[in-house]
Each structure stands twice: as structure tokens, then as C-alpha cells.
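For reference, positions follow the sequence shown, starting with 1. Remember, it's a predicted structure, so these values are computed and weren't measured experimentally.
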Amino acid sequence: MRLVVNEQPQRENFVNATPTPTESLNTIDTPFLAVDKTRFQANISRMRAYLQPFKVRLRPHLKTVKSVPAAELVMASKQDPATVSTLKEAEAFAEAGYTDLLYAVGISPQKLPRVLALQRTGVNISILLDSREQAEMVIAFCRENDANIPVYIEVDCDGHRAGLPADDPELVAIGRLLHEADVEVRGVMSHSGGAYDCDTPEQLATAAEQERRAAVAAAQALRNAGVACPEVSVGSTPAALSYTHLEGVTEVRAGVYTFFDLVMAGIGVCKLNDIALSVVTTVTGHNKAKGWLFVDAGWSALSRDRGTAEQKVDQLYGVVCDEQGRVIDGLLVSAVNQEHGVLSMREGGSMREGCREALPELPIGTRLRILPNHACATAGQFLHYHVLDGANQLLAIWPRIQGW
């Protein structure tokens, strides 16, 4: 019996769907998004164990999973802190009972009424800004609505994205402006984008320490100016698994560690067999003269993300595995159309010795799994996850939160 799931992305559907015990990988139409639950839980445990000696809070970034049932495994409790990247996520997680949320995208005026609505339901929600213009906007909104929305000031630790350098006088000026208007400056927040350019433990440790120093210095500058700054929030998955110490830091944020992906493997913070997310696809044809296989997963399933293109090993559009999740050595998704994926052998051989030069025998109808370059981008192509055990039995379906 086929499991039927309502695919309309409405909030009332953010529940765990229980499959029939006989449902298996081969009875579900492809392409679909699969989660290896064993790997998923191992990845979550690994991050918790790595950070535990540092005595800091983990504030998982739920933008990767975007799923209430998935978050129940990621989060130790609904009272623990979490990070979100859309207010739709914040609303869905708040409705599910999560009470401590950081909306970690620069705030705009149109978003503030939704933030306030969440706060007035009892959610401890904080927002992010890095400019005087944003600060003035928040101050005006809070005055007009008799509110106090806590603020994190974003710190630029490596020039990779938004934020203010720790030694920029504007950072302190913004902090004073908020403080004098009785708007709570909850802390500073940085994102170690530079860690994504690393591929050795030494480089990663250097990038992680650079971020820690910048965030701590920014917090101290605010405190020296008489602005309370209780929280110092740092993170990205590569940095979070590379800190050597976290003096002065109160919390670490990370998200893609839950699934991992090929970019993370290229950086060196995971192995291919740690990747818990894959797209299950079916072989639909062959072109033996050109050395191509065709599958029914194109860019509408895999995304167009080419995050490994600048790494030492370019994985093109994804690494191909058999239906059990075992890597087929040298076989990649080399091109994508909207609903077609083209598989071919890696030019010049495999990542390992012993690569077969000829295409493997994969008859039409064979099920395969594709490991994604960027887990967040690939997951965003689907409405739900199919959660599988090691025997390819379907354990659950987790709907994903859609929209902004």
C-alpha cells in the first residue's frame, strides 16, 4: 500500500507521518529525498560531544533541516536555544513549542510585526542587525508598540559576509544607540564563512580562532562603552568542529553538521559515509557510445549547487551511490537538465585507486542515491524527507517547512 502524504506546504501538515511497516525504498516513486537516520543521529551526537568540553551552549541552526520532526532529534529539548533563517521557520518551530529562537538574518522593517507577534506568544526571539539604519528602525518600532525586541549585532570576522569589524567605531555607536533607547543588546554574533575556504585541520583551527577573537573583542568593546553584551555567538559547521578553545564565547551555532554534504567532506570535517542526506533516483536510460547513464533526478531534484567546484576534488553535481548508500567509485552526476541527470565516470580516474574505467552495469530501473554538494540547497527542492533505516525500510516521513 502506497503511503499518501498531503504535499501542500501548510503549517498544519508539520507533523510526523507514520508509514506502513512494509513500505520500502523500492515502492516509493523517484526522485525522493532520503535521510539515513543512523548517520543523522550519529552526526548530531558528534557535534554535542565535540563542544561539551568547552562548556558552551549549542544553538543549532534549523535552516538545514527545516522540519519539526527532524528538530526533535537535533534539539535536546524545546527550551534549548535554536537558530532560524526565516520567520516561517520561527513560526513553525514556535507553534511546535520551541521557545528560544535567534532570527539570524539582517532585519528589515516589514519583518518586525511578525517578530513582535511571536514575542507576544511567549517566544524568546532575538533579531540581528549591523547598521545604524536598522537600529533606528528597531528603536522606532519598539517605541510605537511598547516593545523591547532583543538584538544581536553582527560582527564581520573574516570579510565573507555582513557585519561590522570588531574594531569599527560604528559597532559601539550602534550598541550605545540601542542601549540609550532601552532596546536590549543581547549580544554579538559572527559567522565563520572563511572556514569554508579551508581544507586542513590547521587552516580550520586558524579560521575558527580568528572568528572567536573577533567576536570576543567586539563584545568587550561594547562592554567597555557601558553596553551590556551577555551573549557571544559564533559558528559555522567547519568552525564548530575546529575550535581549540572558546574562552569568552557563550554559544556556538551550526546547521549542516546534521546531514553533512560533499562540501563539508571536501573541507575535511566529515567523510562521505557520514553524509546522511541523499536523493534516491532511478536509472532511465543509457548512451554507451558517450559513456552516459541517465537518471530521473535533474536540477529540480539535486539543485544547481556546485559548491565543490573550487575545492581540490570537484564532485560536479553529486557522488553516486548504490541503493544501500555505498559509493560507486568514480561515478558522478556530470550534468543536469531539469528532470534528467547524466551520470559518467570521473575523468582521469577516481578519488581512490582501482576505479573502473567502464561504466558499471546499471540496468534501467536500478535505484541509486546521489550525495549532494550542498545539503541545504538539495533539501530545499523537496517538500518532505523519507527517513530510512539501514535496511532501506521507511521509518517516517518528515514534512519540511516551506516559504519565508
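No more than 12 heavy atoms of other residues, nucleotides or ligands shown are found within 6.0 angstrom of CD on E310. At most 12 heavy atoms of other shown residues, nucleotides or ligands fall within 6.0 angstrom of atom CD in E133. Taking a 6.0 Å sphere around CZ of R176, one finds it holds 12 or fewer heavy atoms contributed by other residues, nucleotides or ligands.
Not a single donor-acceptor pair under 3.5 Å links the side chain of Y98 to the backbone N or O of K78. Proximity of a side-chain donor or acceptor of D314 to a complementary backbone N or O of L316 within less than 3.5 Å is detected. Within the 3.5 Å criterion, the main-chain N or O of R39 finds a donor-acceptor partner in the side chain of N43. A donor-acceptor pair is defined here as one N or O able to donate and one able to accept, closer than 3.5 Å; such a pair exists between the side chain of K88 and the backbone of Q402. Between the side chain of D130 and the backbone N or O of V155 there is no donor-acceptor pair closer than 3.5 Å. Using a distance-only test at 3.5 Å, with no hydrogens or angles considered, no donor-acceptor pair links the side chain of D199 to the main chain of I267. Using a distance-only test at 3.5 Å, with no hydrogens or angles considered, a donor-acceptor pair links the side chain of Q134 to the main chain of S131. Side chain of S334 to backbone of V342: a donor-acceptor contact under 3.5 angstrom is found. Under a 3.5 Å cut-off, the side chain of Q119 and the backbone N or O of V115 do not form any donor-acceptor pair. Remark: side-chain polar atoms of Y243 are not paired, donor with acceptor, to backbone N or O of F54 under 3.5 angstrom.
Between the side chains of S300 and Q338, no donor N or O sits under 3.5 Å from an acceptor N or O. With no hydrogens or angles considered, no side-chain donor-acceptor pair links T83 and R253 at under 3.5 Å. Residues D197 and H160 bring a donor and an acceptor atom of their side chains to less than 3.5 Å of each other. Between the side chains of R346 and Q315, at least one donor N or O sits under 3.5 Å from an acceptor N or O. No hydrogens or angles considered: a donor-acceptor pair under 3.5 Å links the side chains of T308 and N373. Side chains of T281 and D296: a donor on one and an acceptor on the other come within 3.5 Å. In this model, a donor atom of one side chain and an acceptor atom of the other lie less than 3.5 Å apart for S190 and E211.
Contact annotation: the side chain of R46 approaches that of F260 to within less than 4.5 Å [non-hydrogen atoms, C-beta and beyond]. Side-chain atoms of M264 and Y196, non-hydrogen and from C-beta on, do get closer than 4.5 Å to each other. Inter-residue side-chain proximity for T30 and R367 is flagged as met; some heavy-atom pair is nearer than 4.5 Å. Annotation: side chain of V123 is not in contact with side chain of D100 (no heavy-atom distance under 4.5 Å). T378 places none of its side-chain heavy atoms less than 4.5 Å from the side chain of H374. By the 4.5 Å heavy-atom criterion applied to side chains, D36 and I275 are not counted as neighbours. Looking at I139 and C142, their side chains never come closer than 4.5 Å, going by heavy atoms from C-beta outward. Contact of the L371 side chain with the L262 side chain is registered, since non-hydrogen atoms from C-beta on lie closer than 4.5 Å.
Under a cutoff of 6.0 Å and an axis angle of 45°, R400 and F382 do not form a cation-pi pair.
Here the closest non-hydrogen pair linking V105 and S85 is CG2-O, 3.3 Å. When all heavy atoms of V263 and Q311 are compared, the pair lying nearest together is O-NE2, 3.0 Å. For the pair V216 and E247, the tightest heavy-atom approach, listed with the atom from each and the gap, is CG2-O, 3.5 Å. Contact between V279 and P31 at its shortest, heavy atoms only, is CG1-CB, 4.0 Å. Between L62 and M75, the shortest heavy-atom distance links the atoms CD2-SD, 4.3 Å. When all heavy atoms of R223 and C229 are compared, the closest pair comes out as NH2-O, 2.6 Å.
Rounded to the nearest 0.5 angstrom, I328 CD1 and M345 CE are separated by 9.0 Å. Here the CD1 atom belonging to I397 is positioned 11.5 Å from the CG atom belonging to L383, to the nearest 0.5 angstrom.
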Worked check of side chain to side chain contact (heavy atoms under 4.5 Å, CB included) between D156 and L164: CA-CA 5 Å; D156 178 5; L164 295 165; 5.8 Å; no

Side chain to side chain contact (heavy atoms under 4.5 Å, CB included) assessment of I370 paired with V320: CA-CA 5 Å; I370 310 298; V320 183; 3.8 Å; yes

R59 vs E251, salt bridge (charged side-chain N to carboxylate O under 4.0 Å, His left out): CA-CA, chis, key distance, verdict: CA-CA 6 Å; R59 184 184 282 275; E251 64 182 30; 2.9 Å; yes

Step-by-step salt bridge (charged side-chain N to carboxylate O under 4.0 Å, His left out) determination, E323 to R369: CA-CA 6 Å; E323 63 181 333; R369 298 195 196 186; over 6 Å; no

Pair L222-H179, side chain to side chain contact (heavy atoms under 4.5 Å, CB included): steps then yes or no: CA-CA 10 Å; L222 288 166; H179 176 71; over 6 Å; no

Step-by-step side chain to side chain donor-acceptor pair (under 3.5 Å) determination, T99 to Q79: CA-CA 6 Å; T99 58; Q79 289 70 50; 4.9 Å; no

CA sep, side-chain torsions, deciding dist, call: R212, E209, salt bridge (charged side-chain N to carboxylate O under 4.0 Å, His left out): CA-CA 5 Å; R212 186 203 67 83; E209 173 59 13; 2.9 Å; yes

From CA spacing to verdict: side chain to side chain contact (heavy atoms under 4.5 Å, CB included), M189, L128: CA-CA 8 Å; M189 191 207 89; L128 182 68; 3.7 Å; yes

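Using a cutoff of 4.0 Å between basic side-chain nitrogens and carboxylate oxygens, D389 and K37 are not scored as salt-bridged. Using a 4.0 Å cut-off between charged nitrogen and carboxylate oxygen, K63 and E89 do not count as a salt-bridge pair.
D322 meets the side chain to side chain donor-acceptor pair (under 3.5 Å) test with R326; sequence neighbours excluded.
F40 and F259 have their aromatic ring centers within a separation under 6.0 angstrom. In this structure, H386 has its ring center closer than 6.0 angstrom to the ring center of F32.
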